[in-house]
Amino acid sequence: MPQAKPLISARRPWPGYLAALVAGGFSTLSFAPFHLWWLGPVAVALMYLGQHRLSVGQAALRGWLFGVGLFGTGTSWVYVSIHDYGYTGVPLALFLTALFVGTLALFHAFVFGLYRRFTSSRLAFLSFAGIWVLGEAFRSWAFTGFPWLLLGSAQVDSPLAPWAPVGGVYLLSLIVALTGTLLVEFCRRRWWAAAPVALLWLAPLVLPSHWTTPAADPLRVALLQGNLPQLSKWSPEGQRNAVNTYSRMTREQPDDVDIIVWPETALPMFERQARPFMARLQSTLPPETSLLTGIVQRDEAGRYYNAITGVGDVRGEYRKSHLVPFGEFLPLDFLLRGIIDFFDLPMSDFTAGADSQPPILTHGVAIGSAICYEIVYPDLVAERARDANVLLTVSNDTWFGRSIGPLQHLQMARLRALENGRYVVRATSNGVTAIIDDQGRLRERAPQFATASVVGDIVPMTGLTPFTRTGSWPTWLLSLLLLAPALVWKTRQSS
């Protein structure tokens with residue numbers, strides 16, 4: 001009896017190309033605001049099917065199409081930033097968005113092409129999961145990194161979530177990838193594949209529910225969300241509006257609040273202009289109330305810094321160390337500056353702060369800081385958490401508009417809280433402002449696109465999770481070990 005032809009093969013690659021696009025879309029649906037986390041393993045399974053029947057070029061093309069499906073749907077907010085706030089016309093905004101998506105998709109093309117070229121099909125269910133995580137790690141590092149839409153980030157509400165404090169987002173990605181490849185093996189009637197899947201998904205039931213403990217009494221915080229229009233923010237009228245809005249909102253807060261937090265660049269002015277006003281405002285508050293805010297600093301040499309500073313019982317400051325390309329600094333500035341309005345946005349030439357900075361201290365509590373995009377970098381946040389009792393992130397998510405971007409951003413902030421066993425205080429310009437507890441749960445949140453404040457208690461925590469101690473390198477090493485046998489067998493076959 002003749003055997004059925006495989007669905008995906010080198011001679012019939014188009015079903016695999018279609019599956020790759022679908023897998024990319026499924027990956028996006030696994031993240032916020034859709035929260036279909038179970039689609040993560042399905043996406044991996046679709047990419048794993050028939051991988052070793054393809055040529056190197058076909059594998060690379062499938063990887064690129066997966067990236068197009070993932071970033072074309074999952075980072076559609078880039079168009080909003082470029083068109084709505086970057087003063088760029090529709091045709092050019094579409095072109096730049098497509099260029100962004102297509103370029104990011106090259107990471108997947110590169111990784112899957114290399115995988116097909118240098119690995120054997122033996123133990124492929126292990127090696128494919130390993131290369132998936134190593135590919136995510138490479139994307140998170142290369143060209144300043146883009147750790148957005150990592151497979152594990154979607155698992156903050158899934159049964160796998162307790163693995164996060166053990167090994168962080170990359171361990172979650174590895175487990176999801178292994179689940180996808182093992183499900184394919186199970187469907188091939190390799191019944192043994194059910195055992196490791198069950199182990200990976202049931203083990204969280206016996207993992208510790210808490211890795212850290214309270215270090216002090218709870219503090220009451222108020223997070224202010226001014227919801228100011230971005231396009232007129234830096235005009236004289238916009239500056240007056242910001243001062244009036246945050247002044248009024250601050251005075252409306254309860255007297256028992258210990259810390260008031262304003263978002264990133266809440267006042268559209270330099271710190272030297274804002275500090276006298278902040279000091280006068282703080283003097284009208286109860287003497288024990290501190291005020292923290294995101295602010296733009298300018299030093300004597302004319303360098304700009306995106307910073308967090310404060311008045312009242314506040315010691316120290318933080319200057320953003322990981323800047324956003326094209327948003328806060330312009331690569332190849334001498335070539336690109338002046339070509340397109342998007343490349344000449346206000347405050348698009350910042351200087352990076354030091355990689356290692358001490359925490360901000362207030363009320364005897366150490367606060368580790370991350371400004372906006374920095375919260376998506378798991379190892380950067382883990383480094384800040386080692387010396388901190390609470391994590392603070394301020395952001396201006398107005399740039400995302402009414403897209404899925406702010407909700408994805410919030411989801412990653414929740415995972416940072418869970419990874420490190422720390423409360424995360426998140427103040428944004430127009431949403432999502434929230435208090436996240438040490439388990440990654442939303443305790444309080446403000447509605448998006450509204451002038452609102454969030455008041456709640458945070459608990460300073462002490463102790464380190466395994467992930468906070470080690471960072472991601474144990475998972476990267478494990479992924480390399482899973483890949484190694486397939487590399488060795490391929491070498492022996494070639495020799």
[X] and ring-ring contact (aromatic ring centres under 6.0 Å, His included): which single residue from [options] fits?
| X | options | result |
| --- | --- | --- |
| W148 | F31, Y377, W77 | W77 |
| H108 | F71, W64, F138 | F71 |
| H52 | Y115, F128, F112 | Y115 |

**OP:** Cation-pi check, R319 to Y305: give yes when NZ or CZ is under 6.0 Å from the six-membered ring centre and within 45° of the ring axis, no otherwise.
**Re:**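 That pair qualifies as a cation-pi contact.
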**OP:** Using the ring of Y17 (Phe, Tyr or Trp, six-membered ring only), decide whether R62 places NZ or CZ under 6.0 Å from its centre and within 45 degrees of its axis.
**Re:**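 No, a cation-pi geometry is absent between R62 and Y17.
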Whether the [X] and [Y] side chains hold a donor-acceptor pair (N or O, under 3.5 Å, no angle test) is what I'd like checked.
| X | Y | result |
| --- | --- | --- |
| Q448 | N430 | no |
| S140 | Y170 | yes |
| Q411 | D157 | no |

Under 3.5 Å, is there a donor-acceptor pair between the side chain of [X] and the main chain of [Y]?
| X | Y | result |
| --- | --- | --- |
| Q225 | G431 | yes |
| T97 | A93 | yes |
| S158 | A154 | no |
| D379 | G471 | no |
| T393 | A370 | yes |
| E264 | N396 | yes |
| Q51 | Y48 | no |
| Q357 | A354 | yes |

**OP:** Give the intermediate values and the outcome of salt bridge (charged side-chain N to carboxylate O under 4.0 Å, His left out) for residues R426 and D397.
**Re:** CA-CA 11 Å; R426 186 170 193 263; D397 282 1; 2.8 Å; yes
Please report the closest heavy-atom contact between [X] and [Y], naming both atoms and the distance.
| X | Y | value |
| --- | --- | --- |
| L464 | T212 | N-CG2, 4.2 Å |
| H409 | V376 | CD2-CG1, 3.9 Å |
| L482 | L126 | CB-O, 3.6 Å |
| W399 | V80 | O-CG1, 4.0 Å |

**OP:** Output, in order, the C-alpha distance, side-chain angles, deciding distance and verdict of side-chain contact (heavy atoms from CB on, under 4.5 Å) for R384 and S369.
**Re:** CA-CA 7 Å; R384 308 280 163 78; S369 302; 5.7 Å; no
So for atom [atom1], which belongs to [X], do other residues, nucleotides or ligands contribute more than 12 heavy atoms lying within a distance under 6.0 Å?
| X | atom1 | result |
| --- | --- | --- |
| R386 | CZ | yes |
| R441 | CZ | yes |
| R492 | CZ | no |

**OP:** Would you please indicate if the ring centroids of W192 and F125 are separated by under 6.0 Å?
**Re:**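 W192 vs F125: aromatic centres under 6.0 Å.
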**OP:** Could you walk me through whether F107 and F66 pass ring-ring contact (aromatic ring centres under 6.0 Å, His included), step by step?
**Re:** CA-CA 10 Å; F107 281 101; F66 171 83; over 10 Å; no
Original post:
Can you tell which of L36, L70, L39, T75 makes a side-chain contact (heavy atoms from CB on, under 4.5 Å) with T28?
Top reply: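 Checked L36, L70, L39, T75 against T28; only one passes side-chain contact (heavy atoms from CB on, under 4.5 Å): L70.
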Original post:
With L415, which of V381, V169, I436 fulfils side-chain contact (heavy atoms from CB on, under 4.5 Å)?
Top reply: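 When side-chain contact (heavy atoms from CB on, under 4.5 Å) is applied between L415 and each of V381, V169, I436, only V169 qualifies.
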Original post:
Relative to the ring of F146, is the ring of F100 parallel (under 30°), tilted (30 to 60°) or perpendicular (over 60°)?
Top reply: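 F100 and F146: perpendicular rings.
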Working to the nearest 0.5 angstrom, can you tell me the gap between [X] [atom1] and [Y] [atom2]?
| X | Y | atom1 | atom2 | answer |
| --- | --- | --- | --- | --- |
| T465 | L418 | OG1 | CG | 9.0 Å |
| I175 | W163 | CD1 | CH2 | 5.0 Å |
| E419 | S472 | CD | OG | 7.5 Å |

**OP:** Using a strict 4.0 Å threshold on nitrogen-to-oxygen distance, state whether R422 and D438 make a salt bridge.
**Re:**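 Salt bridge: no.
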Subject >> Basic-acidic side-chain contact under 4.0 Å: R220, D457 >> reply: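 A salt bridge is present here (some side-chain N lies under 4.0 Å from a carboxylate O).
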Subject >> Side-chain heavy atoms of V261 within contact of L392, under 4.5 Å >> reply: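 Side-chain contact under 4.5 Å: yes.
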